[in-house]
Amino acid sequence: MSDVKLFKVVEKCVTELSGSGMALEKSLQNMIERNLYDILGTHFLYSEYSTGVKFRGRIDTLGLDENGNPVIIEYKRSSNENVINQGLFYLDWLLDHKAEYELLVQDKFGAGERNKIDWSMPRLICIAGDFTKYDEHAVQVMNRNIELIRYKYFDGDLLLLELVNSVMAESKPKTDSVKKYTTVTETANKLNGELLDLFEEFRAYAKALGDDVQEKFLKYYIAYKRLKNFACLEAHPSKGCLTVYLKIDPDSINLEDGFTRDVRGIGHYGTGDLEVIIKNNADFEKVKPLIDKSYEEN
């Protein structure tokens, strides 16, 4: 069971709000789908998608996340429903119907987004009022990208989403057979000296922000996320720097030439509107409060 407690503070008096994990209603699914990007950093694609005659099912929510990964979301509506196995069944369908999924993405978002789809790390998100210890253990022994999210209502108009557990399968980014780009893993292997130290210090710092932080090696950057990304890291040994993208409104800080930059409207691989260049330890110390801010706001 969840140990999360929510309190209302009025003039220094504290009142605990009672939370309920009632059976999930269709209205909650609809609300999550309407706000899917704000809540989970995922673009909404389809609701109750039919898997056809062979699989004979309906995927609750189908989406595409901010890193280009296909996403299946399943909701546990009753205590005896095995939502994890059901989600895995649909995940197998997804991997068997890549072309069908890609056409859905193209029809809704265009050919450009279809070309960005990353099949190395498809995700399964299970949302429920609660999970058992057996659910949490089960996802640990599966080599699949599974996230368990617990929800609770407080006072009827407050919704809490808690990342209970997540498992990230090993990802091996594929190189482009037509045009060769260096992946983030290949770049990281070329680092040495101070830049390597900065790279490892950044990784350690970001992961230490909380137990809910996930580190995901994608094709061209490393994403640090809770329910959605809060930082994306790239390494540039030829330039002697690290580039970090943070989900911070650039207008909310004083931009510093050569260190921070507003990249709204400027194409880049990672997610986030604030670009930060780290060249040395002094830069790393300056960026820490910005990393903290992005973590807390996302």
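Just so it is clear, the values below take in all heavy atoms, side chains as well, and ignore hydrogens, waters and symmetry mates.
Using a 4.5 Å cut-off on side-chain heavy atoms (C-beta onward), Tyr90 and Thr51 make contact. Using a 4.5 Å cut-off on side-chain heavy atoms (C-beta onward), Arg114 and Leu103 make contact. Using a 4.5 Å heavy-atom cutoff, the side chains of Leu163 and Glu147 are in contact. Counting only heavy atoms from C-beta outward, the side chains of Ile277 and Thr243 approach each other to under 4.5 Å. Side chains of Asn115 and Gln106 form no contact here, defined as non-hydrogen atoms less than 4.5 Å apart. Within the 4.5 Å cutoff, the side chain of Leu88 has heavy atoms near those of the Met142 side chain. Tyr101 has its side chain within reach of Leu62: a pair of non-hydrogen atoms, C-beta onward, lies under 4.5 Å apart. Counting heavy atoms from C-beta outward, Val213 and Lys225 have side chains that stay 4.5 Å or more apart.
Residue Ile248 forms a side-chain contact (heavy atoms from CB on, under 4.5 Å) with just one option from Asn298, Leu274, Thr260, Val276, and that option is Leu274. Of the candidates Ile32, Val83, Leu28, Ile32 is the only one forming a side-chain contact (heavy atoms from CB on, under 4.5 Å) with Ile127.
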**Request:** Would you check, one step at a time, whether the test side-chain contact (heavy atoms from CB on, under 4.5 Å) holds for Ile73 with Asp60?
**Result:** CA-CA 6 Å; Ile73 303 174; Asp60 288 343; 5.7 Å; no
**Item:** From CA spacing to verdict: ring pair (Phe, Tyr, Trp, His ring centres under 6.0 Å), Trp93, Tyr49
**Value:** CA-CA 12 Å; Trp93 172 89; Tyr49 188 77; 5.8 Å; yes
**Request:** Give the C-alpha distance, both sets of side-chain angles, the deciding distance and a yes or no for salt bridge (Lys or Arg N to Asp or Glu O under 4.0 Å) between Lys133 and Glu136.
**Result:** CA-CA 5 Å; Lys133 63 181 180 181; Glu136 296 181 35; over 6 Å; no
**Message:** Does Leu195 form a side-chain contact (heavy atoms from CB on, under 4.5 Å) with Lys279? I'd like the steps, not just the answer.
**Reply:** CA-CA 8 Å; Leu195 196 58; Lys279 297 179 180 178; over 6 Å; no
**Message:** Could you go through Val139 and Leu148, starting from their C-alpha distance and side-chain angles, then the distance that decides it, and tell me whether this counts as side-chain contact (heavy atoms from CB on, under 4.5 Å)?
**Reply:** CA-CA 9 Å; Val139 300; Leu148 305 182; 4.1 Å; yes
**Request:** Give the C-alpha distance, both sets of side-chain angles, the deciding distance and a yes or no for side-chain contact (heavy atoms from CB on, under 4.5 Å) between Glu194 and Asn281.
**Result:** CA-CA 9 Å; Glu194 183 181 12; Asn281 284 320; 4.2 Å; yes
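The backbone N or O of Val141 lies less than 3.5 Å from no partner atom in the side chain of His137, so there is not a single donor-acceptor pair. Looking at His236, its side chain never comes within 3.5 Å of a backbone N or O of Glu234 through a donor-acceptor pair. Distance alone, capped at 3.5 Å, is enough to place a donor-acceptor pair between the Gln214 side chain and the Arg226 backbone. Listed for the Ser294 side chain is a donor-acceptor partner under 3.5 Å among the backbone atoms of Lys247. Between the side chain of Arg58 and the main chain of Glu48, a donor-acceptor pair closer than 3.5 Å is present. Side chain of Asp96 to main chain of Asp92: no donor-acceptor pair is present (N/O by atom type, distance under 3.5 Å, no hydrogens or angles). Judged purely by atom type and a 3.5 angstrom limit, Asp65 uses its side chain to pair as donor or acceptor with the backbone of Gly68.
Cluster membership for Leu242 and Leu290, using ILVMFWY side-chain heavy atoms within less than 4.5 angstrom, is shared. There is no path of hydrophobic side-chain contacts, each under 4.5 Å, that joins Tyr37 to Leu64. Both Ile72 and Trp119 sit in one connected hydrophobic cluster of ILVMFWY residues. Membership requires side-chain heavy atoms under 4.5 Å apart, directly or through other members. Leu198 and Leu196 fall within a single hydrophobic cluster, where Ile, Leu, Val, Met, Phe, Trp and Tyr side chains are chained together by heavy-atom contacts under 4.5 Å. Put simply, Leu94 and Leu104 are part of the same group of oily side chains (I, L, V, M, F, W, Y) that touch within less than 4.5 Å, one to the next.
Classification of the Phe284-Phe202 ring pair by plane angle, with boundaries at 30° and 60°, yields tilted.
Taking SG from Cys126 and CD1 from Ile149, the interatomic distance works out to 9.0 Å, rounded to the nearest 0.5 Å. Atom-to-atom distance recorded for Leu45:CG and Lys108:NZ is 6.0 Å, nearest 0.5 angstrom. Rounded to the nearest 0.5 Å, atoms CD (Glu285) and CD1 (Ile278) are 10.5 Å apart. Taken to the nearest 0.5 Å, the CD1 atom of Ile84 stands 6.5 Å off from the CG atom of Asn82. To the nearest 0.5 Å, atom CG of residue Leu218 and atom OG of residue Ser120 are 7.0 Å apart. Note: Tyr151 OH to Leu161 CG = 10.5 Å, rounded to the nearest 0.5 Å.
Here the closest heavy-atom approach between residue Cys232 and residue Tyr221 is recorded as SG-CE1, 3.6 Å. Minimum heavy-atom separation, Lys228 to Ile39: CD-O, 4.4 Å. The shortest non-hydrogen separation linking Leu36 to Thr61 is CD2-CG2, 4.0 Å. For Ile291 against Leu246, the heavy-atom pair with the smallest separation is N-CD1, 4.0 Å. Scanning both residues, Glu66 and Thr271, for their nearest heavy atoms gives O-CG2, 3.6 Å. When every heavy atom of Thr187 is checked against every heavy atom of Ala235, the shortest pair comes out as CG2-O, 3.1 Å.
Within a 6.0 Å radius of CZ in Phe259, more than 12 heavy atoms belonging to other residues, nucleotides or ligands are found. Residue Asp211 places its CG atom among 12 or fewer non-hydrogen atoms of other residues, nucleotides or ligands, all under 6.0 Å distant.
The existence of a salt bridge linking Lys207 and Glu215 is confirmed by a sub-4.0 Å separation between a basic side-chain nitrogen and an acidic carboxylate oxygen. Checked for salt-bridge contact, Glu200 and Arg203 meet the test: a charged N lies under 4.0 Å from a carboxylate O. By the 4.0 Å N-to-carboxylate-O rule, Lys219 lies too far from Asp118 to be salt-bridged with it. By the 4.0 Å N-to-carboxylate-O rule, Lys286 lies close enough to Glu256 to be salt-bridged with it. Using a cutoff of 4.0 Å between basic side-chain nitrogens and carboxylate oxygens, Glu297 and Lys293 are scored as salt-bridged. A salt bridge does not link Asp283 with Lys288: every distance from a Lys NZ or Arg NE/NH1/NH2 to an Asp or Glu carboxylate oxygen is 4.0 Å or more.
Legend: residues meeting side-chain contact (heavy atoms from CB on, under 4.5 Å) with Phe89, ordered by chain and number and at least two apart, are Phe55. Annotation: side-chain contact (heavy atoms from CB on, under 4.5 Å) contacts of Asp273 (sequence neighbours excluded): Pro250, Arg264. With sequence neighbours excluded, the residues that form a ring pair (Phe, Tyr, Trp, His ring centres under 6.0 Å) with Phe230 are Tyr295.
With no hydrogens or angles considered, a side-chain donor-acceptor pair links Gln29 and Glu33 at under 3.5 Å. Side-chain atoms of Gln140 and Asn165 form a donor-acceptor pair, as typed in the model, at a separation below 3.5 Å. Side chains of Tyr205 and Asp292: a donor-acceptor N/O pair is present below 3.5 angstrom, by distance only.
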